[in-house]
Amino acid sequence: MSLSLLNATLKNYKMSINIGVDSIQEHLQAVCIESVAQLYGETFESSKVPVSDTRKEYEGDYTVVVFPFVKVAKKKPEDCAAELGALIKEKSPFVSDFNVVKGFLNLSIDQSFWFSKLKEINEDSDYGQHASTGETMLVEFASPNTNKPLHLGHIRNILLGWSVSKILKAAGNDVKNVQIVNDRGIAICRSMLAWQKFGNGETPESTGMKGDHFVGKYYVKFAQEFKKEYSDWQLSDQAEKTYQEKKKGEISKEDFFKEYKNNYFNDFSALGAEAKEMLIKWEDSDPEVRALWTKMNAWVLAGFEVTYESLKVDFDKLYFESDTYLLGKEIIEKGIEDKIFQQEDKRVLVDLENIGFGNKTIIKSDGTSTYTSQDIGTANLRYKDYGAKGMIYVVGDEQNSHFKSLFEIMRRLGAPYADGLHHLSYGMVDLPTGRMKSREGTVVDADDLIKETIGEARNNAKEHGELEGATEEEKEALYNKVGLGALKYFILKVNPQRRMVFNPAASVDMQGDTGPYIQNAYVRIQSILRKAVAEGVSLTFNYENLLPAEKDLIVLMNAYPSIILKAAKNYDPSEVAAFSYDLAKSYHKFYHDCSILRAETEDAKSFRIDLSKAVAKLLLHSMDLLGIEMMERM
RNA sequence: GGUCCCGUAGCUCAGUUGGAUAGAGCAACUGACUUCUAAUCAGUAGGUCGCAGGUUCGAAUCCUGCCGGGAUCACCA
């Protein structure tokens, strides 16, 4: 079939059956259902007729499993498949051949389809970008506390949020990136107090420290001083008395005091009392405390900004808990009126028995807000700001039940966006030695980690030496891309909901299933394209016989738009990561098997250059969805 | 104890709405750079898919029970 004829046929199909022919699977499915109906008089739902990729060992491109039809056909699976295959081949202009193995009908697609697909990919400047859905979605991620620097857990959060945001955009949504900065509360007061008592007026500028690390230093300082105070206290009569009165069963003094720490902070600690006093002053808008708070928060936020920049992420809007923690009151009052919430004096609560939670407090008996009331208020504020029907919260899975109850409450309140709320829950990041513990100093700092992976990229690059003539600056930019590519890919290739093990040594690996492996495929293509331009290759496009390695690439690229949709639906960047890797792997194989610039014929050469261009385009696009940059050489 | 999540090769992970002989990478071993960038490719070896039942033409996938690991059960955020 000629190209123009094929294109005409494609158009006809788009008009005659209302399916996007960019999905050849959907087309085959429709034809299959039609054929089954014609042969056996029963119309199957499309969900009952899966069309899957044919396994490598067999001839063909797509496979239909005919077992479901056997009952109505009243024939042996083999006969049924053969009969069906013949009819599908007759009906579909794309099916060139078929074969039957047991109950599996393998369909071969005419290679002119693949040629036209390649043409489409190269000509469509937006290939992969879906038409606008008209929906606005918010993605909330990062959302740090302002009392200490970011760590590995935040990195997973940030990379996930950024990538999901990109994927949702590619799926046709209008997306805004937001975060809620947890800038108030007892934690920041601890840092503030420690700085006031022990800081001697030093600043990030005077010490040359990054602001978040500087404030984090005082958070640690507070913990140390508190620990000292607590150990001293444990020797006092008051401690002895407390132990005798409060202990339950036979518990050693040591174990008792381990668990009693928070109570000590609240009931006896001098430092605790001071920190709490500071919090109360903050809430009363005491000018001195507020000034200190403003100053220290500014230091931290400036530090975070540097980390975000080094990760190449940014936000459309920052919400501050200090602004939003009092919100939600009106909605809650309305909820009381509507009998959605119950009131007991000042306390407000909601009965969540139906989702297995019992009573949940929304407003405390002293009339102050809770996490839940804040989130109700914040969600509503965001809806006012953006009119977004979709709100994605990228938050660790330890908060699963909080979001489950929050969403249930929003549903009961009849929020117009209630159905669009989604908690993108992800698992904790463990180290090979186990869980990260700040007390044991095993927390992996975000900035250190970024620096390390870039350093590793620098070491690796020195062994390769393809960068003659590049300036130091260009080289550094490259190490940056390679290092970050390794780190980001390492984290994003894992399914979010899964708890993952972060092996520092493996994360800077650059061979095999890694970011740099994929970047390398792109670099190889760029190198070829530079040479092709230099040689003045013209694209003739009269290629006749697709080799398997060539067809594999087009088959993969054909699936890209639907992979984006699926990743968007599941909020799962790992599906995009898997695509990038598969495509890079297939390209590396093709590159090895087939000469490009020294191809057998001029037609083969121009076809392969065209094919390489398409691969480069989708590698660039898909890696961009992961927030990973590509480069011209490495 | 209640609720939820997880258990696949030595390690880290894939595995579509149930489909063919369960796949990658790392680590180990073997081979390929006078040839478009070897950060590559080809190969060898490595599995009782936690265990036991059940449903089905067909189960890593669905159901039940058990074992093991984790999260969470606040008027904290």
Side-chain angles (χ1 to χ4, degrees), chain A residues 46-50 52-55 57-58 63 65 67-68 70-71 77 101-104 106 145 182 184-187 262 321 325 346-349 355-372 374-375 396-402 404 425 427-428 430 432 435 457 460-461 463-466 482 486 490 493-495 497-503 505-507 509-521 523-532 566 574-575 577-578 581-582 585 588-589 591-599 608-609 612 633-634:
Chain A
S46 57
S47 63
K48 293 270 156 56
V49 187
S52 52
D53 296 347
T54 301
R55 293 180 68 108
E57 317 85 88
Y58 300 95
T63 296
V65 181
F67 286 110
V70 166
K71 243 179 241 166
V101 181
K102 292 187 285 183
F104 298 89
N106 301 321
N145 296 320
N182 300 302
R184 63 169 277 278
I186 195 72
N262 281 338
E321 194 197 339
Y325 81 111
K346 281 188 182 169
R347 184 185 179 203
V348 178
L349 40 93
I355 54 167
F357 284 120
N359 281 333
K360 180 121 197 136
T361 300
I362 295 184
I363 296 292
K364 292 181 236 169
S365 45
D366 62 1
T368 56
S369 62
T370 62
Y371 189 24
T372 308
Q374 286 176 44
D375 271 1
D397 61 8
E398 66 274 11
Q399 292 194 32
N400 282 353
S401 43
H402 166 69
K404 198 174 166 194
S425 161
M428 199 168 285
D430 286 325
R435 194 173 170 169
N460 267 300
E463 294 168 18
H464 295 290
E466 295 284 347
V482 174
F490 185 79
K493 74 173 175 178
V494 180
N495 186 313
Q497 72 190 54
R498 191 176 174 124
R499 198 179 171 115
M500 69 175 284
V501 175
F502 185 87
N503 184 332
S507 73
D509 237 328
M510 308 201 172
Q511 262 126 46
D513 186 6
T514 67
Y517 172 93
I518 299 166
Q519 289 169 325
N520 183 232
V523 163
R524 284 179 144 182
I525 296 172
Q526 296 314 308
S527 175
I528 285 173
L529 294 180
R530 277 194 300 273
K531 291 195 167 119
K566 194 161 164 271
S574 73
E575 294 175 26
Y581 176 64
D582 286 345
K585 189 174 158 74
H588 279 308
K589 182 175 170 50
Y591 180 92
H592 189 265
D593 290 355
C594 308
S595 283
I596 297 165
L597 293 173
R598 274 177 221 101
R608 285 173 193 162
I609 289 170
S612 298
R633 50 189 100 221
M634 68 195 290

Quick one: does A:R608's side chain have a donor or acceptor within less than 3.5 Å of a partner on A:S595's backbone? yes
Please state how far atom [atom1] in [X] lies from atom [atom2] in [N], giving the value in whole angstrom units.
{"X": "A:Y517", "N": "B:rG25", "atom1": "OH", "atom2": "P", "value": "8 Å"}
{"X": "A:R498", "N": "B:rC13", "atom1": "CZ", "atom2": "C1'", "value": "6 Å"}
{"X": "A:I362", "N": "B:rA77", "atom1": "CD1", "atom2": "P", "value": "13 Å"}
{"X": "A:Q497", "N": "B:rA71", "atom1": "CD", "atom2": "C1'", "value": "14 Å"}
{"X": "A:Y591", "N": "B:rA32", "atom1": "OH", "atom2": "C1'", "value": "14 Å"}

Looking at B:rA60, which nucleotide sits across from it as a Watson-Crick or G-U wobble partner, both distances under 3.5 angstrom, or is there none?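 The base-pairing partner of B:rA60, which may sit in any strand shown, does not exist here.
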Does B:rU37 pair with anything, Watson-Crick or G-U wobble, both distances under 3.5 Å, and if so, with which nucleotide? none
Check every strand shown and say whether A:T370 touches a base, only sugar-phosphate, or nothing at a heavy-atom separation below 4.0 Å. sugar-phosphate
Mind checking A:R499 for me? I need base, sugar-phosphate or nothing, with any heavy atom below 4.0 Å counting as a touch.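 Result for A:R499 = sugar-phosphate.
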Is there a stack between [X] and [N], judged by ring centres under 5.5 Å and planes under 30°?
{"X": "A:F104", "N": "B:rA20", "value": "yes"}
{"X": "A:Y581", "N": "B:rA24", "value": "no"}
{"X": "A:Y58", "N": "B:rA20", "value": "yes"}

Which nucleotide in the set [options] lies at the smallest distance from any side-chain heavy atom of [X]?
{"X": "A:R55", "options": "B:rU16, B:rA77, B:rU21", "value": "B:rU21"}
{"X": "A:Q511", "options": "B:rG25, B:rU37, B:rA39", "value": "B:rA39"}
{"X": "A:V494", "options": "B:rC41, B:rA38, B:rA14", "value": "B:rA14"}

Could you work out the separation of B:rG18 and B:rU61 based on their C1' atoms and round it to a whole Å?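 Looking at atom C1' only, B:rG18 and B:rU61 are 6 Å apart.
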Using the P atom as the reference point in each nucleotide, state the distance between B:rA20 and B:rA24 in Å, no decimals.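 Taking atom P in both B:rA20 and B:rA24, they lie 15 Å apart.
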With a 3.5 Å cut-off and just heavy-atom distances, do the side chain of A:T63 and the base of B:rA20 make a donor-acceptor pair? yes
Quick one: does A:N106 reach the base of B:rA20 with a side-chain donor-acceptor pair under 3.5 Å?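 Donor-acceptor pair under 3.5 Å: yes.
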Walk me through whether A:D366 and A:K346 qualify under salt bridge (charged side-chain N to carboxylate O under 4.0 Å, His left out). CA-CA 6 Å; A:D366 62 1; A:K346 281 188 182 169; over 6 Å; no
